[in-house]
Amino acid sequence: MDNLPDSCYEYKYESPKAKIVDTCIDCGEFIYEGEEYYDIRGMIICSKCMNEYKREAEIDD
Ligand SMILES: [Zn+2]
C-alpha cells in the first residue's frame, strides 16, 4: 500500500455523500467518514501522511 495510484484519491473527493469527520493536523486535509486515519493520543493523522512517516528499518551505511 505504499504507492497508491492518484485515481484512488480522486475517487474519495468525488464522493459527495462523505461527511467530514476530522482534519489531519499535518497536511490539513479532511478525513471523511469511512476513511482510515490515525488518532495518536489526540493527534489526527491521515493515512496519506502516515505512509510518509512510515519507515522500514534498515542499516544505512
Ligand atoms: Zn495528512
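Remember, it's 1-based here, ligands and their atoms both numbered in the order they're listed.
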For the student: nearest non-hydrogen atoms of Ile40 and Met50, plus distance = CD1-CE, 3.7 Å
Which atoms form the tightest heavy-atom contact between Cys24 and Cys27, and what is the distance?
-> SG-N, 3.5 Å
Who passes side-chain contact (heavy atoms from CB on, under 4.5 Å) against Glu52, sequence neighbours left out?
-> none
Using the test side-chain contact (heavy atoms from CB on, under 4.5 Å), find all partners of Ile44 that sit at least two apart in sequence or belong to another chain.
-> Asp22, Ile31, Tyr37, Asp39
Distance in Å, Thr23 OG1 paired with Phe30 CZ, rounded so as to fall on 0.5 Å steps | 5.5 Å
Could you please tell me which protein N, O or S atoms lie under 2.8 Å from the Zn ion (ligand 1)?
-> Cys24 SG, Cys27 SG, Cys46 SG, Cys49 SG
Asp26: side chain to side chain donor-acceptor pair (under 3.5 Å) partners, not counting sequence neighbours | Tyr53
